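Let me begin by presenting the structure, written as structure tokens, before commenting on it.
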Amino acid sequence: MKTAELEKYKKKLMGLIPPERIMKVEFPRPSREIIEAFLELDGLTPTVSDVLDSMGIKGSISASRLRPIINGKKIVGPAVTIRYIPESNTTDYGYSNKERAKLADRDVYAIAEKGDVPVFDAASLGDISVMGGLSTLVAKKWGMAGNIVDGGVRDIDNVHKLDYPVWSTGQTPITGKYRVEAMEINGPISIAGVRVNPGDLIIADDSGVVVVPFEKVEEVLEKTIAATRREDEVVRLFESGVTIEELSEILPPSKW
Ligand SMILES: O=C([O-])CC(=O)C(=O)O
Ligand SMILES: [Mg+2]
């Protein structure tokens, strides 16, 4: 983006990434009503994952790959994205030459809206941290819903203390400062092999993370509500003692 277009964010932007690497700041997001409707549902990511399967959409990532740092959290919100690649200098070089760290997470939060979900593509770095306690503090203060990190996170005790939802592939003490370079904010990225565009809906809970493409959000919500009702009905009838034959008429055993 041009520096002038970023003018309205200048009180928050720290200049951690050159402005031309911020691809966009405005894009369509799913409405608040849609987000609230998803949040009301139980058993959320498994049901949405089934719906995505039925629609031929690859969008599900297991919690064994992207683990919640705090269990029992559930978030739903539009994605804002950041992509990192490794720095080619050695860490010693950056450290002793007092180079500016190129972790740009705070600039992602600066241009995001309240309720957004920052999504980090840092898989090529292995277990190197791209966010920690300070990052968590800013994300929480500026109203992010939670972070999804295909990469490492540190200061895990602070993430717990701040009670902020984060899913990550790694936990590590090793800082990303001097080891990474932020290539792009709000471009398309991939996390655990799943494509994420800014504005896609991110849903995450203890079972994992699902990515719903922006254009499919309404259809996925409708189908998820229907599937949740069907399953709730099966549970209710089973608990009230109806036979398996009767239950099978509502939900065929192949769907259990
Ligand atoms: O250096 C890092 O990896 C980030 C960090 O510790 C923080 O955000 O507190
Ligand atoms: Mg730290």
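Atoms within each ligand, like the ligands themselves, are counted from 1 in listed order. Scope of the values below: all heavy atoms of this structure, side chains included, with no hydrogens, waters or symmetry mates. The structure presented is a predicted model; accordingly, all values stated were derived computationally and were not measured. We count residues from 1, following the sequence as given.
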**Q.** Under 4.0 Å to a heavy atom of Lys177 - the qualifying atoms of ligand 1, by number
**A.** 1 (O)
**Q.** Electrostatic pair Lys2:Glu5 at N-O distance under 4.0 angstrom
**A.** no
(Q) Between Lys10 and Glu7, does any NZ, NE, NH1 or NH2 come within less than 4.0 Å of an OD or OE carboxylate oxygen? (A) yes
Q. Closest N/O/S atom of Asp155 to the Mg ion (ligand 2), by atom name?
A. OD2
Q: Could you list which atoms of ligand 1 come closer than 4.0 Å to a heavy atom of Thr175?
A: 1 (O), 2 (C), 3 (O)
Q: Number the atoms of ligand 1 from 1 as they appear, then name those within less than 4.0 Å of a heavy atom of Asp155, with their elements.
A: 5 (C), 6 (O), 7 (C), 9 (O)
Q: Kindly work out whether a path of hydrophobic side-chain contacts (I/L/V/M/F/W/Y, heavy atoms less than 4.5 Å apart) joins Tyr164 to Val149.
A: yes
(Q) Using a 4.0 Å cutoff against the non-hydrogen atoms of Gly176, which atoms of ligand 1 qualify? (A) 3 (O)
Q.
Could you identify the single nearest non-hydrogen protein atom to atom 3 (O) of ligand 1 and state the distance to 0.1 Å?
A. Ser129 OG, 2.5 Å
Q: State, yes or no, whether a side-chain contact exists between Ile111 and Val80 at a heavy-atom distance under 4.5 Å.
A: no
Q. For atom 4 (C) of ligand 1, what's the nearest protein heavy atom and its distance?
A. Gly132 N, 3.7 Å
(Q) Could you check whether Asp150 and Tyr84, counting side-chain N and O atoms only, form a donor-acceptor pair closer than 3.5 Å? (A) no
Q: May I ask you to check if Lys114 and Trp142 form a cation-pi contact, with NZ or CZ under 6.0 angstrom from the six-membered ring centre and within 45° of the axis?
A: no
Q. Are Lys216 and Glu222 within salt-bridge range, i.e. N to O under 4.0 Å?
A. no
Q) Got an N/O contact under 3.5 Å between Val130 and ligand 1? A) no
Q: Enumerate the atoms of ligand 1 whose separation from the nearest heavy atom of Leu103 is less than 4.0 angstrom.
A: 1 (O), 2 (C), 3 (O), 4 (C)
Q: Would you check the N or O atoms of Gly133, main chain and side chain alike, for any that come under 3.5 Å of an N or O of ligand 1?
A: yes
Q: Give the residue, atom name and distance (to 0.1 Å) of the protein heavy atom nearest atom 6 (O) of ligand 1.
A: Arg154 NE, 2.7 Å
Q. Just heavy atoms, cut-off under 4.0 Å: does Asn158 contact ligand 1 by side chain, backbone, both, or neither?
A. neither
Q.
Lys24 vs Glu184, test: salt bridge (charged side-chain N to carboxylate O under 4.0 Å, His left out). Steps then yes/no.
A. CA-CA 10 Å; Lys24 40 186 158 177; Glu184 204 165 87; over 6 Å; no
**Q.** NZ or CZ of Arg29 within 45° of Phe27 ring axis and under 6.0 Å
**A.** yes
Q) At a non-hydrogen distance cut-off of under 4.0 Å, which region of Thr136 contacts ligand 1 (side chain, backbone, both, or neither)? A) neither
